[in-house]
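Remember, it's a predicted structure, so these values are computed and weren't measured experimentally.
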Amino acid sequence: MKRTLTAALAFTASLTFGGDFIQWTDTSLTVLEGSGFEVDPEDQTTLTIEHANGWKYGDFFFFNDFIYFNGDQSSADDSSSYYGEIAPRFSFGKMLNQDLSVLFVKDVLVATCYEYGRWLNGDAFGDNYLIGAGVDLDIPGFDFFQLNVYQRFAGSGDGDTVQITPVWKISFPMGQSSLICDGFIDWVVNSDGAYEKNLHVCPQFKFDIGVFFNMEAGSLLAGTELDYWTNKYGIKDSSGFKTDQFAASGIVQYHF
(Lines give C-alpha, C1' and ligand atoms only; values in the text may rest on other atoms or scores of the structure.)
Protein backbone atom coordinates (compact mmCIF):
# COMPACT_ATOMS: atom_id res chain seq x y z
CA MET A 1 0.00 0.00 0.00
CA LYS A 2 2.85 2.41 0.77
CA ARG A 3 4.15 1.96 -2.75
CA THR A 4 0.73 2.69 -4.24
CA LEU A 5 0.52 5.86 -2.13
CA THR A 6 4.00 6.87 -3.27
CA ALA A 7 2.92 6.46 -6.88
CA ALA A 8 -0.27 8.46 -6.25
CA LEU A 9 1.75 11.26 -4.67
CA ALA A 10 4.15 11.32 -7.62
CA PHE A 11 1.19 11.47 -9.99
CA THR A 12 -0.40 14.31 -8.00
CA ALA A 13 2.88 16.22 -7.79
CA SER A 14 3.30 16.01 -11.55
CA LEU A 15 -0.01 17.86 -11.96
CA THR A 16 0.60 20.46 -9.27
CA PHE A 17 2.71 22.95 -11.22
CA GLY A 18 0.99 25.30 -13.61
CA GLY A 19 2.17 27.84 -16.14
CA ASP A 20 5.06 26.81 -18.34
CA PHE A 21 6.34 24.09 -16.01
CA ILE A 22 3.95 21.42 -17.36
CA GLN A 23 3.91 21.64 -21.16
CA TRP A 24 1.48 18.84 -22.02
CA THR A 25 -0.32 15.99 -20.25
CA ASP A 26 -2.11 12.76 -21.12
CA THR A 27 -3.94 10.63 -18.56
CA SER A 28 -5.85 7.43 -19.28
CA LEU A 29 -7.82 4.64 -17.64
CA THR A 30 -7.72 1.17 -19.23
CA VAL A 31 -9.67 -2.00 -18.50
CA LEU A 32 -8.11 -5.24 -19.75
CA GLU A 33 -9.62 -8.74 -19.76
CA GLY A 34 -7.18 -11.45 -20.77
CA SER A 35 -5.99 -15.03 -20.67
CA GLY A 36 -2.82 -17.02 -21.24
CA PHE A 37 -0.72 -15.65 -18.38
CA GLU A 38 2.02 -17.72 -16.76
CA VAL A 39 3.37 -17.80 -13.17
CA ASP A 40 0.26 -15.85 -12.08
CA PRO A 41 -3.25 -17.26 -12.65
CA GLU A 42 -4.06 -17.74 -16.32
CA ASP A 43 -7.11 -15.42 -16.47
CA GLN A 44 -6.82 -11.82 -15.32
CA THR A 45 -8.75 -8.54 -15.23
CA THR A 46 -6.62 -5.41 -14.93
CA LEU A 47 -7.45 -1.77 -14.29
CA THR A 48 -4.60 0.53 -15.33
CA ILE A 49 -4.14 4.22 -14.70
CA GLU A 50 -1.45 5.94 -16.78
CA HIS A 51 -0.18 9.48 -16.84
CA ALA A 52 2.44 11.10 -19.05
CA ASN A 53 3.56 14.68 -19.32
CA GLY A 54 6.23 16.93 -20.70
CA TRP A 55 7.68 19.30 -18.13
CA LYS A 56 10.22 22.10 -18.08
CA TYR A 57 13.28 19.87 -17.76
CA GLY A 58 12.16 16.58 -19.29
CA ASP A 59 9.21 14.21 -19.33
CA PHE A 60 7.41 12.00 -16.84
CA PHE A 61 5.55 8.69 -17.06
CA PHE A 62 3.64 6.81 -14.39
CA PHE A 63 1.35 3.79 -14.43
CA ASN A 64 -0.22 1.46 -11.91
CA ASP A 65 -1.84 -1.89 -12.74
CA PHE A 66 -4.49 -3.20 -10.34
CA ILE A 67 -4.70 -6.89 -11.22
CA TYR A 68 -7.58 -9.20 -10.33
CA PHE A 69 -7.19 -12.93 -10.81
CA ASN A 70 -10.20 -14.74 -12.23
CA GLY A 71 -10.41 -18.25 -10.85
CA ASP A 72 -10.20 -20.30 -7.68
CA GLN A 73 -7.53 -18.89 -5.41
CA SER A 74 -6.29 -20.46 -2.21
CA SER A 75 -6.85 -17.33 -0.10
CA ALA A 76 -7.95 -13.71 -0.23
CA ASP A 77 -4.30 -12.67 -0.59
CA ASP A 78 -4.20 -14.58 -3.87
CA SER A 79 -7.14 -12.74 -5.45
CA SER A 80 -5.38 -9.57 -6.56
CA SER A 81 -2.05 -7.83 -7.01
CA TYR A 82 -0.61 -4.58 -8.28
CA TYR A 83 2.42 -3.31 -10.14
CA GLY A 84 3.58 0.16 -11.09
CA GLU A 85 6.40 2.30 -12.42
CA ILE A 86 7.41 5.93 -11.92
CA ALA A 87 9.73 7.08 -14.71
CA PRO A 88 10.95 10.68 -14.91
CA ARG A 89 13.49 11.57 -17.60
CA PHE A 90 15.70 14.67 -17.69
CA SER A 91 16.33 16.30 -21.06
CA PHE A 92 19.74 17.75 -21.83
CA GLY A 93 18.14 19.81 -24.58
CA LYS A 94 15.68 21.41 -22.17
CA MET A 95 18.14 21.81 -19.30
CA LEU A 96 20.75 23.45 -21.56
CA ASN A 97 18.12 25.28 -23.61
CA GLN A 98 19.80 23.94 -26.73
CA ASP A 99 18.62 22.07 -29.83
CA LEU A 100 20.55 18.80 -29.63
CA SER A 101 18.91 17.19 -32.64
CA VAL A 102 21.23 15.53 -35.13
CA LEU A 103 20.17 13.22 -37.97
CA PHE A 104 17.35 11.09 -36.50
CA VAL A 105 18.14 11.90 -32.83
CA LYS A 106 15.84 14.60 -31.40
CA ASP A 107 17.09 14.74 -27.81
CA VAL A 108 19.35 13.04 -25.26
CA LEU A 109 18.14 12.40 -21.72
CA VAL A 110 18.98 10.92 -18.34
CA ALA A 111 16.43 8.11 -17.91
CA THR A 112 15.30 6.84 -14.51
CA CYS A 113 12.62 4.41 -13.35
CA TYR A 114 11.30 3.08 -10.04
CA GLU A 115 9.45 -0.26 -10.09
CA TYR A 116 7.24 -1.49 -7.27
CA GLY A 117 4.58 -4.14 -6.78
CA ARG A 118 2.99 -6.95 -4.81
CA TRP A 119 3.48 -10.67 -5.30
CA LEU A 120 0.61 -13.10 -5.66
CA ASN A 121 0.81 -14.13 -1.97
CA GLY A 122 0.44 -10.55 -0.77
CA ASP A 123 4.13 -9.82 -0.11
CA ALA A 124 5.75 -6.76 -1.65
CA PHE A 125 8.71 -7.60 -3.82
CA GLY A 126 11.97 -5.70 -3.52
CA ASP A 127 11.74 -2.36 -5.26
CA ASN A 128 13.85 -1.98 -8.39
CA TYR A 129 15.73 1.17 -9.37
CA LEU A 130 16.84 1.89 -12.93
CA ILE A 131 19.07 4.67 -14.22
CA GLY A 132 20.66 5.20 -17.59
CA ALA A 133 20.52 7.13 -20.84
CA GLY A 134 17.65 7.80 -23.20
CA VAL A 135 17.23 9.21 -26.70
CA ASP A 136 14.15 10.51 -28.46
CA LEU A 137 14.25 9.45 -32.09
CA ASP A 138 12.65 11.06 -35.12
CA ILE A 139 11.52 8.05 -37.17
CA PRO A 140 9.21 8.78 -40.12
CA GLY A 141 5.64 7.62 -39.49
CA PHE A 142 5.96 7.33 -35.71
CA ASP A 143 4.16 9.71 -33.35
CA PHE A 144 7.11 9.14 -31.03
CA PHE A 145 9.91 6.64 -30.46
CA GLN A 146 12.03 6.52 -27.31
CA LEU A 147 14.99 4.28 -26.59
CA ASN A 148 16.24 3.93 -23.01
CA VAL A 149 19.20 1.88 -21.77
CA TYR A 150 19.29 1.30 -18.02
CA GLN A 151 21.46 -0.21 -15.35
CA ARG A 152 18.87 -2.13 -13.35
CA PHE A 153 19.44 -2.44 -9.59
CA ALA A 154 17.24 -5.18 -8.12
CA GLY A 155 15.91 -4.46 -4.64
CA SER A 156 15.53 -8.18 -4.03
CA GLY A 157 19.30 -8.61 -4.17
CA ASP A 158 19.06 -10.97 -7.15
CA GLY A 159 21.76 -9.09 -9.02
CA ASP A 160 22.17 -6.00 -11.18
CA THR A 161 21.48 -6.22 -14.91
CA VAL A 162 21.30 -4.09 -18.06
CA GLN A 163 17.87 -3.37 -19.56
CA ILE A 164 17.06 -1.93 -23.00
CA THR A 165 13.60 -0.38 -23.33
CA PRO A 166 12.17 1.05 -26.56
CA VAL A 167 8.75 2.75 -26.32
CA TRP A 168 6.70 3.81 -29.34
CA LYS A 169 3.42 5.00 -30.81
CA ILE A 170 2.31 4.96 -34.43
CA SER A 171 -1.09 5.87 -35.90
CA PHE A 172 -2.71 4.76 -39.15
CA PRO A 173 -5.68 6.84 -40.41
CA MET A 174 -8.67 4.69 -41.35
CA GLY A 175 -11.53 6.80 -42.68
CA GLN A 176 -12.75 9.08 -39.93
CA SER A 177 -11.12 6.79 -37.33
CA SER A 178 -7.57 5.51 -36.87
CA LEU A 179 -5.66 2.42 -35.80
CA ILE A 180 -3.12 3.10 -33.06
CA CYS A 181 -0.24 0.80 -32.20
CA ASP A 182 1.77 1.65 -29.10
CA GLY A 183 3.74 -0.32 -26.57
CA PHE A 184 7.10 -1.15 -25.12
CA ILE A 185 9.84 -3.76 -25.02
CA ASP A 186 11.82 -4.51 -21.84
CA TRP A 187 14.89 -6.55 -22.75
CA VAL A 188 17.10 -7.61 -19.85
CA VAL A 189 20.18 -8.52 -21.83
CA ASN A 190 22.32 -10.23 -19.22
CA SER A 191 21.85 -12.52 -16.24
CA ASP A 192 23.38 -11.80 -12.84
CA GLY A 193 22.54 -13.95 -9.85
CA ALA A 194 19.13 -15.57 -9.66
CA TYR A 195 17.48 -13.05 -11.99
CA GLU A 196 17.43 -14.60 -15.48
CA LYS A 197 17.74 -12.52 -18.64
CA ASN A 198 14.32 -12.02 -20.23
CA LEU A 199 12.42 -10.33 -23.04
CA HIS A 200 9.04 -8.65 -22.50
CA VAL A 201 7.21 -7.39 -25.62
CA CYS A 202 3.85 -5.71 -25.02
CA PRO A 203 2.14 -3.93 -27.95
CA GLN A 204 -1.44 -2.64 -28.00
CA PHE A 205 -3.55 -2.34 -31.16
CA LYS A 206 -6.49 0.03 -30.71
CA PHE A 207 -9.18 1.62 -32.85
CA ASP A 208 -10.38 5.13 -32.11
CA ILE A 209 -14.06 4.42 -31.49
CA GLY A 210 -14.83 7.70 -29.75
CA VAL A 211 -15.20 9.50 -33.09
CA PHE A 212 -18.36 7.45 -33.70
CA PHE A 213 -19.87 8.93 -30.52
CA ASN A 214 -18.94 12.54 -31.31
CA MET A 215 -16.06 12.41 -28.84
CA GLU A 216 -12.71 14.09 -29.30
CA ALA A 217 -10.30 12.09 -31.46
CA GLY A 218 -8.15 9.73 -29.42
CA SER A 219 -10.29 9.88 -26.28
CA LEU A 220 -11.96 6.44 -26.41
CA LEU A 221 -10.07 3.44 -27.80
CA ALA A 222 -10.77 -0.29 -27.99
CA GLY A 223 -8.71 -3.21 -29.18
CA THR A 224 -6.29 -5.83 -27.95
CA GLU A 225 -3.02 -6.12 -26.04
CA LEU A 226 -0.49 -8.89 -26.71
CA ASP A 227 1.93 -9.85 -23.93
CA TYR A 228 4.94 -11.97 -24.84
CA TRP A 229 7.42 -12.57 -22.02
CA THR A 230 10.30 -15.04 -21.88
CA ASN A 231 11.56 -16.04 -18.42
CA LYS A 232 8.80 -13.96 -16.82
CA TYR A 233 9.87 -12.06 -13.68
CA GLY A 234 13.41 -13.25 -14.36
CA ILE A 235 12.43 -16.84 -13.54
CA LYS A 236 14.03 -19.33 -15.91
CA ASP A 237 11.56 -21.32 -18.00
CA SER A 238 11.73 -25.08 -17.53
CA SER A 239 9.72 -28.21 -18.19
CA GLY A 240 8.76 -28.24 -14.51
CA PHE A 241 7.73 -24.60 -14.28
CA LYS A 242 6.65 -22.74 -17.41
CA THR A 243 7.49 -19.03 -17.35
CA ASP A 244 7.52 -18.23 -21.08
CA GLN A 245 4.23 -16.39 -21.67
CA PHE A 246 2.05 -15.40 -24.59
CA ALA A 247 -1.15 -13.75 -23.36
CA ALA A 248 -3.82 -11.68 -25.07
CA SER A 249 -6.30 -9.21 -23.59
CA GLY A 250 -9.23 -7.21 -24.88
CA ILE A 251 -8.97 -3.57 -23.83
CA VAL A 252 -11.04 -0.40 -23.55
CA GLN A 253 -9.12 2.81 -22.88
CA TYR A 254 -10.30 6.32 -22.05
CA HIS A 255 -8.00 9.36 -22.31
CA PHE A 256 -8.74 12.62 -20.52
ask   = For Phe92 and Gln98, what are the C-alpha separation, side-chain angles and deciding distance, and is it a side-chain contact (heavy atoms from CB on, under 4.5 Å)?
value = CA-CA 8 Å; Phe92 283 105; Gln98 297 288 327; over 6 Å; no
ask   = Say you draw a straight line from OG1 of Thr112 to CD of Glu85; how long is it, rounded to the nearest 0.5 Å?
value = 11.0 Å
task = Might you confirm whether atom CD of Glu216 has over 12 heavy atoms from other residues, nucleotides or ligands at distances under 6.0 Å?
result = no
inquiry  = Between Leu226 and Val167, is there shared hydrophobic-cluster membership here, with clusters defined by ILVMFWY side-chain heavy atoms closer than 4.5 Å?
reply    = no
Presence of salt bridge, Lys232 and Asp40, under 4.0 angstrom = yes
ask   = With a 4.5 Å heavy-atom cut-off, do Val189 and Thr161 have their side chains touching?
value = no
key: Derivation and outcome, side-chain hydrogen bond (donor to acceptor under 3.5 Å, both in side chains), residues His200 and Asn198   = CA-CA 7 Å; His200 189 189; Asn198 59 88; over 6 Å; no
inquiry  = In the structure I gave you, are the side-chain heavy atoms of Leu220 and Gln253 within less than 4.5 Å of one another anywhere?
reply    = no
query = So do the side chains of Arg118 and Tyr82 get within less than 4.5 Å of each other, counting heavy atoms only?
reply = yes
inquiry  = Show, in sequence, the C-alpha distance, side-chain angles and deciding distance for Asp43 and Phe69, and conclude whether the side-chain contact (heavy atoms from CB on, under 4.5 Å) test is met.
reply    = CA-CA 6 Å; Asp43 301 320; Phe69 302 122; over 6 Å; no
message = Run the salt bridge (charged side-chain N to carboxylate O under 4.0 Å, His left out) test against Asp107 and tell me which residues pass, sequence neighbours left out.
response = none
key: Six-ring centre of Tyr195, Arg152 cation under 6.0 angstrom, axis tolerance 45°   = yes
note = When every non-hydrogen atom of Ile170 is compared with those of Gly141, the smallest separation belongs to CG1-O, 3.1 Å
ask   = What is the distance from atom CG of Leu109 to atom CG of Leu147, rounded to the nearest 0.5 Å?
value = 11.0 Å
query = Just checking, any donor-acceptor pair under 3.5 angstrom between side chains of Asp65 and Thr46?
reply = no
inquiry  = If only side-chain N and O atoms count, and only distance matters, is there a donor-acceptor pair under 3.5 Å linking Asn64 with Tyr116?
reply    = yes
inquiry  = Tell me whether Ile209 shares a hydrophobic cluster with Val252, the cluster being built from Ile, Leu, Val, Met, Phe, Trp, Tyr side chains joined at under 4.5 Å.
reply    = yes
message = Run the side-chain contact (heavy atoms from CB on, under 4.5 Å) test against Glu33 and tell me which residues pass, sequence neighbours left out.
response = Thr45, Asn70
request  = Supply the atom-to-atom distance Leu100 CG to Lys106 NZ, rounded to the nearest 0.5 angstrom.
outcome  = 13.0 Å
message = Go through it in stages, so that I can follow the logic: the residues are Tyr68 and Phe66, the test is ring-ring contact (aromatic ring centres under 6.0 Å, His included), and I'd like the CA-CA distance, side-chain angles, deciding distance and then a yes or no.
response = CA-CA 7 Å; Tyr68 302 91; Phe66 300 93; 7.5 Å; no
Show me the side-chain donor-acceptor pairs of residues 178-188 shorter than 3.5 Å, one per line, residues at least two apart or across chains.
{"unit_1": "Asp182", "atom_1": "OD1", "unit_2": "Lys206", "atom_2": "NZ", "d": "3.0"}
{"unit_1": "Asp182", "atom_1": "OD2", "unit_2": "Lys206", "atom_2": "NZ", "d": "2.9"}
{"unit_1": "Asp186", "atom_1": "OD1", "unit_2": "Gln163", "atom_2": "NE2", "d": "3.3"}
{"unit_1": "Asp186", "atom_1": "OD1", "unit_2": "Thr165", "atom_2": "OG1", "d": "2.8"}

ask   = How about Asp208 and Ser177: does a side-chain donor come under 3.5 Å of a side-chain acceptor?
value = no
task = May I ask you to test the His51-Thr25 pair for a side-chain heavy-atom distance under 4.5 Å?
result = yes
Asn190 side chain near Lys197 side chain, heavy-atom distance below 4.5 Å = no
Verdict with supporting geometry, Asn128 and Tyr114, side-chain hydrogen bond (donor to acceptor under 3.5 Å, both in side chains) = CA-CA 6 Å; Asn128 301 318; Tyr114 165 57; over 6 Å; no
ask   = Is it true that a side-chain atom of Thr224 and a backbone atom of Gly250 form a donor plus acceptor pair closer than 3.5 Å?
value = no
query = Can you find a heavy atom in the side chain of Val135 that is under 4.5 Å from one in the side chain of Gln146?
reply = no
task = May I ask you to say whether Asp59 pairs ionically with Arg89, meaning some side-chain N is under 4.0 Å from a carboxylate O?
result = yes
Lys242 side chain vs Asp244 backbone, donor-acceptor pair below 3.5 Å = yes
ask   = Could you walk me through whether Phe90 and Met95 pass the side-chain contact (heavy atoms from CB on, under 4.5 Å) check?
value = CA-CA 8 Å; Phe90 303 87; Met95 291 186 293; 4.0 Å; yes
key: hydrophobic_cluster_shared for Ile86 and Tyr57, side chain cutoff 4.5 Å   = yes
request  = Taking atom types as modelled, find out whether His255 and Asp26 have a side-chain donor-acceptor pair closer than 3.5 angstrom.
outcome  = yes
ask   = Side-chain donor-acceptor pair under 3.5 Å between Gln245 and Asp227, yes or no?
value = yes
query = Does atom CZ of Phe104 have more than 12 heavy-atom neighbours from other groups under 6.0 Å away?
reply = no
remark   = d(Phe246 CZ, Glu38 CD) to nearest 0.5 Å is 12.0 Å
request  = State, without any angle test, whether Lys94 and Gln23 hold a side-chain donor-acceptor pair at a distance under 3.5 Å.
outcome  = yes
message = Are Val162 and Tyr129 connected into the same hydrophobic cluster when the rule is that any two of I, L, V, M, F, W, Y join if their side-chain heavy atoms are below 4.5 Å apart?
response = yes
key: Smallest separation among heavy atoms of Gly34 and Ser249, with atom names   = CA-OG, 3.3 Å
ask   = Among side-chain atoms of Glu196 and Asn231, is any donor-acceptor pair under 3.5 angstrom?
value = no
task = Provide the closest heavy-atom pair for Ala111 versus Gly134 in the form atom of the first, atom of the second, distance.
result = CB-N, 4.2 Å
request  = Could you state whether Tyr228 and Leu32 fall into the same hydrophobic cluster, counting links through intermediate Ile, Leu, Val, Met, Phe, Trp or Tyr residues with side-chain heavy atoms under 4.5 angstrom apart?
outcome  = no
Residue pair Ile49, Phe63: steps toward the side-chain contact (heavy atoms from CB on, under 4.5 Å) verdict = CA-CA 6 Å; Ile49 180 169; Phe63 79 89; over 6 Å; no
query = Rounded to the nearest 0.5 Å, what separation is found between the SG atom of Cys113 and the CZ atom of Phe62?
reply = 11.5 Å
inquiry  = Between Trp55 and Phe21, is the ring centroid distance below 6.0 Å?
reply    = yes
note = d(Met174 CE, Phe172 CZ) to nearest 0.5 Å is 10.0 Å
query = Which word best sums up how the rings of Phe256 and Tyr254 line up, parallel for under 30°, tilted for 30 to 60°, or perpendicular for over 60°?
reply = parallel
message = Can you give me the closest heavy-atom contact between Pro203 and Trp168, atom names plus distance?
response = CB-CZ2, 4.0 Å
